Number of protein chains: 2
Amino acid sequence: MNATRAPAGPKRADARRNYELLLAAATEAFAERGADDVSLEEIARRAGVGIGTLYRHFPARQALLEAVYKDQVDGLEVLAGKLLVHESPAEALAEWMRAFAAFGRTKRSMSAALMATLGKQSELLSACSKVLRGCTEALLARAQEAGVVRPDVQSADLLRLTHALIMAADAPGGDPGQADRMFSLLMDGLLVAQAPTAG
Amino acid sequence: MNATRAPAGPKRADARRNYELLLAAATEAFAERGADDVSLEEIARRAGVGIGTLYRHFPARQALLEAVYKDQVDGLEVLAGKLLVHESPAEALAEWMRAFAAFGRTKRSMSAALMATLGKQSELLSACSKVLRGCTEALLARAQEAGVVRPDVQSADLLRLTHALIMAADAPGGDPGQADRMFSLLMDGLLVAQAPTAG
DNA sequence: TACTATACGGAGGATGCCTCCGCTTCGCAA
DNA sequence: TTGCGAAGCGGAGGCATCCTCCGTATAGTA
């Protein structure tokens with residue numbers, strides 16, 4: 001997956017490739033069907049490797065879950081780094097929020113499974129949320145300093161709003177485009193008015 | 001389990017007895033080992049019935065989980081009713097808090113499993129928490145009206161404190177008596193001072 | 001090319017979920 | 001008390017999943 005990451009996985013080239021394949025397959029499968037409804041055998045099949053290989057890299061289901069979660073957060077962090085030097089602070093923030101929302105959707109399907117074994121105050125979880133909070137703060141601050149986003153918005157508001165938005169949009173029966181539309185509304189609200197509003 | 005409940009289960013005596021046995025066995029097993037680490041076969045074995053009988057009464061794992069949860073809440077509600085006419089409002093409140101804390105411990109092991117399939121805003125869950133909130137409010141108000149508990153305490157504080165206490169006390173490595181000691185401290189703090197404190 | 005450490009793959013044992021159906025027991029009525 | 005039908009019981013067994021183990025294959029090295 002996140003090829004930008006420092007080499008942390010297995011040594012041999014084939015092992016490393018399989019590791020990435022498994023991570024990708026698991027991410028996809030979890031997103032599609034929820035973390036509880038995918039068998040490890042299916043993930044191995046999707047990745048095109050044997051079940052034994054999966055277990056060598058991820059000794060337990062939990063390990064795979066954690067790896068996927070961490071991989072996503074790592075990816076977001078890398079993205080934030082790039083966006084912080086993006087030419088348009090407003091676009092950067094929008095892009096970030098979009099990515100964050102997408103992540104939230106995946107996370108939702110995994111959090112229950114993760115919580116069940118990890119505990120609510122796990123080190124992994126709190127470290128990850130700290131990272132994400134930091135990224136959001138930095139991007140928001142930059143956009144505000146550039147004067148393109150309302151100065152009275154706080155990062156906590158942003159995080160919570162996005163979260164709420166995901167929850168609402170993913171309700172059963174909602175059309176898939178709804179999340180995007182709601183997201184646009186939110187972004188429009190963030191920007192400072194381009195022209196004075198009529199009284 | 002809660003024999004005080006109105007007849008709501010199966011009709012025939014043996015079926016009814018097995019229902020109660022299963023509920024009791026499941027409650028015990030869940031409390032001992034967590035809701036995720038007990039097989040339904042073991043619960044049937046503990047209850048002394050066949051697996052088929054378990055499935056007749058509780059068509060899915062979820063149903064058993066819900067039944068145990070609801071049974072506990074029902075039991076607490078009955079207890080609250082009794083405590084509301086207890087001679088000592090302070091003792092009644094203490095007893096209630098103790099029972100509530102014990103429930104919280106069980107609940108903790110089940111909530112993840114319940115959430116996973118029920119959803120956070122399930123009708124069952126919200127109904128149950130409403131009941132518990134009501135009970136706590138009534139018992140607290142009575143103790144405050146009797147002048148034995150500090151008037152500035154709110155029921156929400158109580159619920160949250162107890163919750164936090166359970167979480168902290170159940171941390172790995174903590175000794176089993178800790179919860180009780182912390183609980184005593186909390187109760188002492190609630191009571192109005194018996195003598196004026198020295199300046 | 002030859003060699004070895006490393007990794008692969010999938011058969012298979014263990015366990016758990018749930019269904020199905022022949023046997024047992026309850027509760028009622030005569 | 002006895003007989004009977006309905007209700008309930010129990011557990012074998014089918015199916016899915018988890019995880020281990022070990023013979024085979026391959027990457028990397030000299």
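Just so you know, these numbers use all the heavy atoms, side chains as well, and skip hydrogens, waters and symmetry mates. Bear in mind that the values here come from a model prediction, so they are computed numbers and not experimental data. Proteins come first, then strands; the chains are lettered A, B, ... in the order of their sequence lines, and each starts at number 1.
Looking at which nucleotide of DNA chain D each of G52(A) and S39(A) is closest to, the 5′-most match is held by S39(A). Across the interface with DNA chain C, nearest-nucleotide mapping of R56(B) and R45(B) shows R45(B) to be the residue nearer the 5′ end.
Between N18(A) and dA7(C), a side-chain N or O to OP1/OP2 separation shorter than 4.0 Å is absent. Side-chain N/O atoms of T53(A) include none lying less than 4.0 angstrom from OP1 or OP2 on dA7(C).
Distance, E42(B) CD to dC17(C) C1': 15 Å, rounded to whole Å. Rounded to whole Å, the distance from CD1 on I43(A) to C1' on dC18(D) is 13 Å. Across the protein-nucleic acid pair, F58(B) atom CZ and dT19(C) atom P stand 15 Å apart, rounded to whole Å. Here dG16(C) presents its C1' atom at 13 Å from CG of D37(B), a figure rounded to the nearest Å. Atom CZ of R16(B) is separated from atom C1' of dG27(C) by 16 Å (rounded to the nearest Å). Taking atom OH of Y55(A) as the reference point, atom P of dG13(C) lies 17 Å away to the nearest angstrom. Between the CD atom of E41(A) and the C1' atom of dC15(D) there is a distance of 13 Å, given to the nearest Å.
You'll find that the side chain of A15(B) is closest to dG8(D), out of dG8(D), dC17(C), dG28(D). Of the listed nucleotides (dA27(D), dC9(D), dG16(C)), dA27(D) has the atom at the smallest distance from the side chain of D14(A). Between dC9(D), dC18(D), dA27(D), one nucleotide has an atom nearer to the side chain of L40(A) than all others, and that is dC18(D). Side-chain proximity of H57(B) to the nucleotides dC19(D), dC9(D), dG27(C) is greatest for dC9(D).
Applying the 6.0 Å contact sphere to CD of Q154(B) captures no more than 12 heavy atoms from other residues, nucleotides or ligands.
The base of dA7(C) lies outside donor-acceptor range of the side chain of R12(A), with no N or O pair under 3.5 Å.
Using the six-membered ring where Trp is involved, Y19(A) and H57(A) have ring planes that are perpendicular, over 60° apart on the 30 and 60° scheme.
When heavy atoms are screened at a 4.0 angstrom cut-off, I51(A) is found touching base atoms of the nucleic acid. Residue contacts for R61(A): at a heavy-atom cut-off of 4.0 Å it reaches the sugar-phosphate backbone alone, with no base atom in range.
Exactly one of V153(A), D157(A), L140(A) qualifies for a side-chain contact (heavy atoms from CB on, under 4.5 Å) with L190(A). That residue is V153(A).
In this structure, CD on E95(B) lies 10.5 Å from OG on S88(B), to the nearest 0.5 angstrom. Between R16(A) atom CZ and K11(A) atom NZ the span is 10.5 Å, to the nearest 0.5 Å.
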